[in-house]
Amino acid sequence: MGAYLAVSYDPDHPGAETLSNEVKRLAGTHASQTLPLGRFAWMAATGPHPPKVLAIGSWMLIGDVFDRHRPIMPSVTEDDPYLFERKLVARVWGRYVGVQISGQGGICNILRDPSGAVEAIAWVQDGVTIVTSTLPRWLVEFFKPDWRIDFTALEMALRDPLAASGDIPLLGPTTVAPGTIQPLPLDLAAQSIWSPIAFARRGRDRALDQTEAETLLRSSLDEAVRGLAGLPEGLAAEVSGGLDSSIVAASLVHGAPASIRGWFNAHGATPESDERRFVAALATKLGIAPQSVPLAVGTVTEALLERISGGVRPGLNALDMHHDLDWAQRVPATGAGAIMTGKGGDGILVQAATGDVFTDLWLQKRWRALGSGDVVPLARGNEVSVWTLVREARAFGRTGPRRPTRDTGLLRPAVDAPAIHPWLDGAEIFGPGKTFQIAAAIDNISRHGPSLQTEVIDVLHPLCAQPVVEACLTIPTPMMTVGGRDRGLARQAFADRLPKAILDRRSKGDLTCIYGRMILDSLPFLRPWLLDGRLAARGILDRAAADDLLTRESLMWRGAYGEIMIAAVFEAWVRVWEARLGRRD
């Protein structure tokens, strides 16, 4: 989706109206359209797929909004001050940010949808309130806000993958979290109106049988796919050969076959990265004709890193730069303005059929958990005994869930433990499997971030959409891995739509070797970029450890390719934003 800029001004503040008008004039030179929101409020939108506005009561929802087929209404009391808003996010879903217009005609509240598909960054300056999904150079240069890079938050995001979708690493603006309302003035506390734990609790309190769970999963994905498929005039779809993208493709053919302009597959040059035989089986089953092309690769350059680093966050969704550039050329050539992916399925569909799943079952049933027919297949799949699963489950009460961290080998020793994400607060009562699934929902927020691909086309992720997230959270993790298989429920729910080769597949495509080669070939640039960079100067990156790691021999032995790229993207973000803000702290 494109970007939005919503502005309102205080008519009693001297000069605020003039300032608002000047911003509107500048926005008009960069935006595809500007339109009023209220007497003292307006917005501008840019493409691709510029956000639309839907009025519901006093709320203006900016983005894509769909009615829920079967809304699950929250348990609320009539005296709840956010009763209307809680029901609103249950009745609709999509990719949107809401601004509530007060009786006077200005913005008084900000709402971000539970999927977090659209950013919401806000600040107030000289009587003007700005709410935006991006911070383009022209906007920052015009306001010249007194902001600084928050190096504490930046380091936390480097260490904790879940922190990457939290507050942006800038001191000054306010980040509105998904599923929350931020009142104005911005120093008021945000109010949570949606929580993944509420859906996990609903699944624990109301036991589903397997048929009901399959129906719920299937209908939720079909709802998400149909809704998103109806957005662009022309749509393409990505099929990797894996289970997740195959499920999305099958749902797309089932629900919206006429709208698809092209099917795309990228294959690597190594056996483990070439999944064309699975794509061929899917094509035969669905009656489609995917175009399979070599995966675009190249070296990492300063120009590419800086190009993906102008957003409000480090460009973690833009790491696959060469592939994004390739898709940004190929997809529009078919007449499509958007592409649909299967990204986000691994976590939310529970790809990790580990002993954590049994621990969830143990916490619910204790010794009766051994009566489950999935226990032996689960133990066999993890190459452990049933009694090992029991021992680990019984130890969970003493150790608690493991915290997600990145072990980069590049950073200075951690001083403080990462703060727990609000969505995970209390999740341990469900067990480590469900906690991991909620963490996956948090991680999926980052998949909506900008990239070189989203500069040209709209990228759609139905497995990250609210209907699918809520359905999967409602289903207990042991049922998600029925049969002791990763994504076992998904395999059974879509069995009639997929070829046997994909349903029975136990391996996953692996691009490690290809991207490892890219990092090795880029070492002449990456080594000085990091060793002499701003992260090292701040002491966040351990220069001695990085010096030891950033050699061909060390990387080929330790294989920390992804960690190197993440550090390089964070380094680029710091350099771009220090230049944009005109300061080094």
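This structure is a prediction, so every number in the text was calculated from the model and none was measured. Note that these values count all heavy atoms, side chains included, but never hydrogens, waters or copies made by symmetry.
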- Which heavy atom of A379 sits nearest a heavy atom of L389, and at what distance? CB-CD1, 3.8 Å

- Output yes when a side-chain donor or acceptor of R313 lies under 3.5 Å from a complementary backbone atom of A164, and no otherwise. yes

- Query: Could you walk me through whether M321 and V300 pass the side chain to side chain contact (heavy atoms under 4.5 Å, CB included) check?
  - Reply: CA-CA 9 Å; M321 296 171 282; V300 182; 4.2 Å; yes

- Query: Quick one: does T454's side chain have a donor or acceptor within less than 3.5 Å of a partner on S451's backbone?
  - Reply: yes

- Message: Using 0.5 Å steps for rounding, measure from the CZ atom of F430 to the CD1 atom of I197.
- Response: 6.0 Å

- Just checking, R575 and W529: is the charged tip under 6.0 Å from the six-membered ring centre and within 45° of the axis? yes

- R204 and I429 have their tightest heavy-atom pair at NH1-CD1, 3.5 Å

- Residues R558, D548: salt bridge by 4.0 Å N-O rule: yes

- Message: Donor-acceptor pair, distance only, cut-off 3.5 Å: does the side chain of S133 make one with the backbone of V118?
- Response: no

- Check whether any side-chain heavy atom of D346 lies under 4.5 Å from a side-chain heavy atom of K508, and answer yes or no. yes

- Given the rule in the salt bridge (Lys or Arg N to Asp or Glu O under 4.0 Å) test, do E155 and R538 qualify, once you have shown the distances and angles that lead to the verdict? CA-CA 10 Å; E155 182 176 357; R538 296 283 308 191; over 6 Å; no

- Salt bridge or not for D486 and R491, using N-O below 4.0 Å? yes

- Quick one: does T301's side chain have a donor or acceptor within less than 3.5 Å of a partner on L304's backbone? yes

- Message: I'd like to check L319 versus I566 (side-chain heavy atoms, cut-off strictly below 4.5 Å). Are they in contact?
- Response: yes

- Message: Any side-chain to backbone donor/acceptor pair from E571 onto L535? Under 3.5 Å, distance only.
- Response: yes

- Task: May I ask you to test the Q351-L243 pair for a side-chain heavy-atom distance under 4.5 Å?
- Result: no

- Task: State, to 0.1 Å, how close S292 and H267 come at their nearest heavy-atom pair, and which atoms those are.
- Result: OG-ND1, 3.0 Å

- Query: So how far is it from F494 CZ to R487 CZ, rounded to the nearest 0.5 Å?
  - Reply: 12.5 Å

- Query: Under the 3.5 angstrom rule, does the side chain of R534 hit a backbone N or O of V574 as a donor-acceptor pair?
  - Reply: no

- Query: For the residue pair V248 and G342, what are the closest heavy atoms and their distance?
  - Reply: CG2-CA, 4.0 Å

- Check the pair K285, L498 against side chain to side chain contact (heavy atoms under 4.5 Å, CB included), reporting the backbone distance first and the verdict last. CA-CA 7 Å; K285 178 71 174 180; L498 299 179; 5.7 Å; no

- Task: Please determine if R505 forms a cation-pi arrangement with F278, meaning its NZ or CZ atom is less than 6.0 Å from the six-membered ring centre and no more than 45° off the ring axis.
- Result: yes

- Task: Side-chain contact test, heavy atoms from C-beta onward, threshold under 4.5 Å: evaluate it for W362 versus V390 and give yes or no.
- Result: yes

- Message: If we ignore hydrogens and angles and just use 3.5 Å, is the side chain of D374 paired with the main-chain N or O of G483 as donor and acceptor?
- Response: yes

- Can you list the steps and then say if T341 with L463 is a side chain to side chain contact (heavy atoms under 4.5 Å, CB included)? CA-CA 8 Å; T341 84; L463 288 172; over 6 Å; no

- Query: Should P178 and I445 count as side-chain neighbours, where that means a heavy-atom distance under 4.5 Å?
  - Reply: yes

- Query: With side chains defined as the heavy atoms from C-beta onward, is the minimum distance between F358 and L370 less than 4.5 Å?
  - Reply: yes

- Message: Distance check, rounded to the nearest 0.5 Å: M480 atom CE versus L217 atom CG?
- Response: 5.5 Å

- Message: Within the structure provided, determine whether L581 and L170 are in side-chain contact (heavy-atom separation under 4.5 Å).
- Response: yes

- Query: Does the W577 side chain pair with the main chain of G311, one donor and one acceptor, at a distance under 3.5 Å?
  - Reply: yes

- Query: Would you say the side-chain atoms of T551 pair up with the backbone N or O of S554, donor to acceptor, closer than 3.5 Å?
  - Reply: yes

- Task: Would you name the heavy atoms of A568 and L526 that are closest together and state the gap between them?
- Result: CB-CD2, 3.8 Å

- Message: Between N317 and S446, is there a side-chain heavy-atom distance shorter than 4.5 Å?
- Response: no

- How long is the gap from NE2 on H421 to OG on S165, to the nearest 0.5 Å? 4.5 Å

- Message: Is there a side chain to side chain contact (heavy atoms under 4.5 Å, CB included) between V331 and V456? Walk through the geometry before answering.
- Response: CA-CA 9 Å; V331 174; V456 180; over 6 Å; no

- Query: Distance from Q466 atom CD to W194 atom CH2, nearest 0.5 Å?
  - Reply: 6.5 Å

- Note on the structure: Output for pair (D547 CG, L550 CG), nearest 0.5 Å, gives 7.5 Å

- Least distance between heavy atoms, P314 atom then L154 atom: CG-CD1, 4.0 Å

- Query: Quick check: does any side chain N or O of E272 sit under 3.5 Å from a backbone N or O of G509, one acting as donor and the other as acceptor?
  - Reply: no

